[in-house]
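Below is one structure, written out as structure tokens; comments come after it.
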Amino acid sequence: MLQVHVIRENKLQTIQALQKKNFPQAEQVVEQVLGLDQQRKETQAQLDQHLAESNALAKSIGALMKEGKKEEAEKQKSRTAELKTLAKDLGDSLSQLEEQLQKLLYTIPNTPHSSVPVGKSAEDNEVVTQWGTVPSLPENAQAHWDLIKQYDIIDFDLGVKISGAGFPVYKGKGARLQRALINFFLDEAQKAGYYEVQPPIVVNEASGYATGQLPDKEGQMYHATADDLYLIPTAEVPITNIYRDVILTEKDLPIKNVGYTPCFRREAGSWGAHVRGLNRLHQFDKVEIVQIQQPEKSYAALEEMSSYVQGLLQKLELPYRVLRLCGGDMGFTSALTYDMEVYSAAQQRWLEVSSVSNFETYQANRLKLRMKSEDKKTQLLHTLNGSALALPRIVAALLENNQREDGIFLPKVLHPYLGFEKI
RNA sequence: GGAGAGGUGGGUGAGUGGCUGAAACCAACAGUUUGCUAAACUGUCGUACGGGUUAUUCUGUACCGGGGGUUCGAAUCCCCCCCUCUCCGCCA
């Protein structure tokens with residue numbers, strides 16, 4: 001979440017930035033935050049004064065008792081009772097104010113970076129680069145939801161029987177392709193300097209809050225209520241939370257982690273056209289990269305992550321484009337996001353396969369992830385993450401773009417992982 | 001699921017009502033010594049929110065798992081909750 005002192009010191013910029021993100025009533029909310037903070041400060045100052053007096057009295061009473069001056073001690077006791085009541089009231093309003101402020105701050109999204117284009121929807125995103133050539137497919141080219149049936153490699157009906165819609169069963173070469181992609185992505189990340197971790201795929205409430213899924217996306221996560229645990233929507237959550245309540249030193253940085261996990265999303269209310277087949281699932285596999293960086297280096301890191309993801313797509317020989325998301329299309333917690341989309345020739349549309357974001361201090365502030373610098377000051381760090389990559393749409397594009405009369409020919413780079421070349 | 005033990009600063013760990021924001025040791029950092037390394041010695045060494053000065057320094061409050069209570073005063077006593085560990089049971 002945003003830091004109050006930053007809002008206070010950059011009030012106008014904050015309001016404008018929030019407006020760019022299409023946050024309604026930015027000005028009123030900012031005013032409300034500053035007002036609450038002001039009240040909070042005043043209340044605390046008063047409370048502190050009362051407590052200071054109480055503490056002083058307690059000491060002097062103790063001293064008087066030791067000296068046997070009981071009467072004087074009793075006199076002072078009456079004042080402490082008074083102070084106690086006052087302090088109780090002040091303490092109550094202080095915690096109320098703090099709670100209100102906290103709740104309000106949770107509703108405010110991150111402010112976008114200056115390079116973020118103004119806009120309301122996906123239409124307004126800016127194409128940064130485009131790579132590769134769109135393959136020309138035969139006339140009878142099929143979409144992946146037909147191909148998977150023809151080759152019997154992914155079975156949605158079976159998934160419905162076992163779990164429900166959006167939980168496909170991968171079979172034979174389909175299952176093998178999943179495993180190959182995961183291993184390929186993990187190996188590549190390791191070569192690029194990422195440290196592999198395998199985190200839990202359920203998380204507690206505190207973790208959900210720290211990376212911003214809660215309370216913003218409460219209804220989008222599967223919630224195991226008996227134990228109050230959430231199924232992760234992305235490995236970002238457990239991996240970033242490794243660094244919750246941590247103070248790092250300069251030499252620990254940068255931190256570059258990679259992890260593979262299944263991801264679970266309820267996708268409540270988002271089903272409809274364009275989400276057939278692998279385009280949208282409740283459970284899917286993803287390899288995620290996470291970086292923790294010093295503030296002045298985070299944007300260089302974002303570019304590095306973007307090039308890294310593009311490198312993967314090039315190795316997979318998939319035509320792609322990179323978008324800089326506009327203010328209205330960005331995630332709640334992000335300051336700058338690049339989306340990578342691959343072109344699916346059979347569906348004749350772009351499919352998002354990765355999203356690489358810099359969160360600046362937004363997550364770090366919730367995580368309490370800080371760095372102690374040489375001058376002994378602690379400051380919040382920047383967190384970044386990106387998919388590298390999410391499997392389903394990669395699979396969709398691989399199947400669709402590489403279909404020929406005599407089978408589906410997978411890219412060379414996967415052959416050693418697959419143990420076969422075509423489906 | 002049953003029984004027991006325990007949660008203190010980066011770590012180990014002392015601390016049963018005021019002298020404890022917290023011993024000691026380890027780690028870390030800085031310096032001295034040393035041909036280098038090591039060792040030794042000296043010093044520094046929690047976080048948050050405020051106030052005064054802003055270079056440093058000074059200062060108030062809170063925090064010993066969380067919340068509540070007793071008391072003039074709580075890490076320490078009482079209550080509730082959460083979590084962790086060990087043993088047994090069950091199971092991969």
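Per chain, numbering begins at 1; letters A, B, ... match sequence-line order.
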[N] phosphate, OP1 or OP2, under 4.0 Å from [X] side-chain N/O:
X      : N      : result
A/T378 : B/rA48 : yes
A/K372 : B/rU47 : yes
A/R40  : B/rG50 : yes

_Cation over ring face, A/K173 and A/F420, 6.0 Å, 45°_ =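 Judged by the rule (NZ or CZ under 6.0 Å from the ring centre, within 45° of its axis), A/K173 counts as positioned above A/F420.
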*Mind calculating the distance between CZ (A/R370) and P (B/rC49) to the nearest angstrom?*
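Rounding to the nearest Å, CZ of A/R370 and P of B/rC49 are 9 Å apart.
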*Round to the nearest Å and state the distance from A/I247 atom CD1 to B/rG46 atom P.*
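Those two atoms, CD1 and P, are 11 Å apart.
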*What would the secondary structure line of RNA chain B be in dot-bracket form, counting Watson-Crick and G-U wobble pairs under 3.5 Å, with [ ] for pairs that cross earlier ones and | for pairs with another strand?*
((((((((.[[[..)..(.....]]].(((((.......))))).((((((......)))))).[[[[[..)....]]]]])))))))....
_What's A/R79 touching, base or sugar-phosphate or nothing? Going by heavy atoms closer than 4.0 Å._
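It contacts nothing in the nucleic acid.
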*Looking at every strand, decide which applies to A/K251 at a 4.0 Å heavy-atom threshold: base, sugar-phosphate, or nothing.*
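Sugar-phosphate contact only.
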Flag the pair [X] and [Y] as a salt bridge only when some basic side-chain nitrogen lies within less than 4.0 angstrom of an acidic carboxylate oxygen.
X      : Y      : result
A/R79  : A/E53  : yes
A/D124 : A/K120 : no
A/R40  : A/E99  : no
A/K315 : A/E188 : yes

*Does the side chain of A/H5 pick up a donor-acceptor pair with the side chain of A/D37 at under 3.5 Å?*
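Not at all, the side chains of A/H5 and A/D37 share no donor-acceptor pair under 3.5 Å.
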*asked:* Can you see whether A/N110 engages A/S334 through a side-chain donor-acceptor pair at a distance of less than 3.5 angstrom?
replied: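 No - no donor-acceptor pair under 3.5 Å links their side chains.
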*Just compare B/rG18, B/rA48, B/rU71 and give me whichever is closest to any side-chain atom of A/K84.*
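Nearest to the side-chain atoms of A/K84, counting from C-beta on, is B/rU71.
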*Relative to the ring of A/Y209, is the ring of A/Y106 parallel (under 30°), tilted (30 to 60°) or perpendicular (over 60°)?*
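Answer is tilted, since the angle falls between 30° and 60°.
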*Classify every nucleotide of nucleotides 60-69 of chain B by which part a protein heavy atom approaches to under 4.0 Å, writing B for the base, S for the sugar-phosphate alone and - for neither, in 5'-to-3' order.*
BSS------S
*Can we call the ring centroids of A/Y299 and A/H113 under 6.0 Å apart?*
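That pair passes the under 6.0 Å test.
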